[in-house]
Amino acid sequence: MIQKSTYKICSNCVMDSSDKTLTFDESGLCDYCRNFEENIKPNWHPNERGISEIMPLIDQIKREGAGRDHDCLIGISGGLDSSYVTYVAKEKFGLRPLMFHCDAGWNSDLGVSNIQKIIDRLSLNLVTEVIKWQEMKDLQRAFFLAQVPFVDTPQDLGLFSAIYNFAAKNGFKYVITGGNNATECIREPVEWTYFSTDMRHVRDIHSRFGTLKLDTFPNCDILKYKLYYRFFKGIRVIKLLDSVPFIKKAAIRELNEKFDWQPYQQKHYESRFTRFYESYWTPKKFGYDKRRAYFSSEILSGQLTREDALDRLSRSELDESTMEQEFEYVATKLDWTVEEFRAIFNGENKSYSDYKNNMFLITVGSRIANLLGIDRRIFR
């Protein structure tokens, strides 16, 4: 019989009861680990079989793209996943991607440098969309004032929406992403990371705490993305890294040797805001350490030992001095004093459920995706 407890950590990965939805069996194994063994691993083939199975689709992309300058679209952030999938698509599969980058105002210098290295050395074309800073700032301030855990919603929404709106507008049928099971087979609970594309949720928070009209801010509601773009615009999202061997350390080494690409301390740290939010705001204010999901995914895919993960979790990726400097940097950039930002940090924590949302419809859609095998990760 599966039971919940006050505090417990999985005996196999490092997910623990900071995820309030987590359950364990008698041996201490969490449901993420059981789901990986039962549903993800048997259907995931990052090897010759996976390459063989995806080749008909690769050939189709090339046929349909004949006569066009580019046959697919890839979003690049400068992070490992998007950088490596770009290399694989171009050099290993012979695709001709147009690269797309959305600048939300928080690019790190290293992220910009890594993007440029990939673009230049692979001789790719890049389109960059810059989100109007005053609108981005207003929406980010609103999410901080709303006291919800996922304050990265504005940036996440902007980056996601910009590329799919661009694909629809410019007739791209194939969008290749860096999403993958090797480092993302555990989906964080919605209490940690709510759906940034739930526009009912976004609009409610912004109507309460925002001050500007978001006239140009890119948005793409989850229903528009899942239904209209997929079935009416014919856009297909391809997770190419699930069909090839993707070992994080080997990928970093390969990118470094070929492009002088430089690694980050942690996943998603190509964005200075995300680095602050994940290393400081969420763990210190809400008690959620998103690294648990990242490290657990790597444990399940055989890339990290549980002991090494626990050691990493015992300390922050950034030292206290750096985190305080980042606290001041983010406060100033969002036009708050450090004291004002500290008062928000010390405010009463809220949840996505304290605001209007489309969680019911999203849940139905996610359950259907699970049943159809479109997404085999646990959703809750």
message: With a 4.0 Å cut-off on N to O distance, would you call D335 and K137 a salt bridge?
response: yes
message: Looking only at side-chain N and O atoms, does D242 offer a donor or acceptor that is under 3.5 Å from a partner on H45?
response: no
query: For E307, does its backbone N or O pair with a side-chain atom of R312 as donor and acceptor, under 3.5 Å?
result: no
message: Has S271 got a side-chain atom pairing as donor or acceptor with T274's backbone, closer than 3.5 angstrom?
response: yes
Ion pair D16/K8, N-O distance below 4.0 Å: no
query: For N114 and Y264, does a side-chain donor sit closer than 3.5 Å to a side-chain acceptor?
result: yes
message: Between K284 and E320, does any side-chain N to carboxylate O distance fall below 4.0 Å?
response: yes
Side-chain ion pair, E326 and R272, N-O less than 4.0 Å: yes
- prompt: Salt-bridged, K267 to D81, with N to O below 4.0 Å?
  reply: yes
field: Near-ring test Y229/Y164, centroid separation under 6.0 angstrom
entry: no
query: W106 and side chain to side chain donor-acceptor pair (under 3.5 Å): which partner among Q140, E270, Q155?
result: Q140
- prompt: When the aromatic ring centroids of H206 and F143 are compared, is their separation below 6.0 Å?
  reply: no
query: Any sub-3.5 Å donor-acceptor pair from K333's side-chain atoms to G105's backbone N or O?
result: yes
query: Any side-chain donor paired with an acceptor under 3.5 Å for K290 and T193?
result: yes
- request: State the CZ-CD distance between F150 and E188, to the nearest 0.5 angstrom.
  value: 8.0 Å
message: Is a donor from one side chain sitting under 3.5 angstrom from an acceptor on the other, for T128 and D103?
response: no
message: For the aromatic rings, using the six-membered ring if either is Trp, is the centroid distance between F345 and Y280 under 6.0 Å?
response: yes
message: Tell me if a side-chain donor or acceptor on K62 pairs with a main-chain N or O of F93 at a distance below 3.5 Å.
response: yes
query: Quick check, are the ring centers of Y194 and H201 under 6.0 angstrom apart?
result: yes
field: Any donor-acceptor N/O pair, K117 side chain to D260 backbone, under 3.5 Å
entry: yes
message: If you compare all heavy atoms of R275 against all heavy atoms of Q265, which two are closest, and at what distance to 0.1 Å?
response: NH1-OE1, 3.9 Å
field: From F166, Y225, F100, residue fulfilling ring-ring contact (aromatic ring centres under 6.0 Å, His included) relative to F160
entry: Y225
- prompt: Between Y84 and E254, is a side-chain hydrogen bond (donor to acceptor under 3.5 Å, both in side chains) present by the stated rule, with each step listed?
  reply: CA-CA 9 Å; Y84 194 68; E254 194 168 7; 3.0 Å; yes
message: Pairing donors with acceptors under 3.5 angstrom, does anything connect the side chains of E53 and S243?
response: no
- request: Identify whether I163 and I61 are in the same connected component of the hydrophobic contact network (ILVMFWY, side-chain heavy atoms under 4.5 Å).
  value: no
message: Could you check whether E64 and Y174, counting side-chain N and O atoms only, form a donor-acceptor pair closer than 3.5 Å?
response: yes
- prompt: Hey, do the aromatic rings of F341 and W281 have their centres closer than 6.0 Å?
  reply: yes
- prompt: Between E91 and K258, is there a salt bridge with N-O shorter than 4.0 Å?
  reply: no
task: Verify, without hydrogens or angle tests, whether S316 (side chain) and D319 (backbone) share a donor-acceptor contact under 3.5 angstrom.
output: no
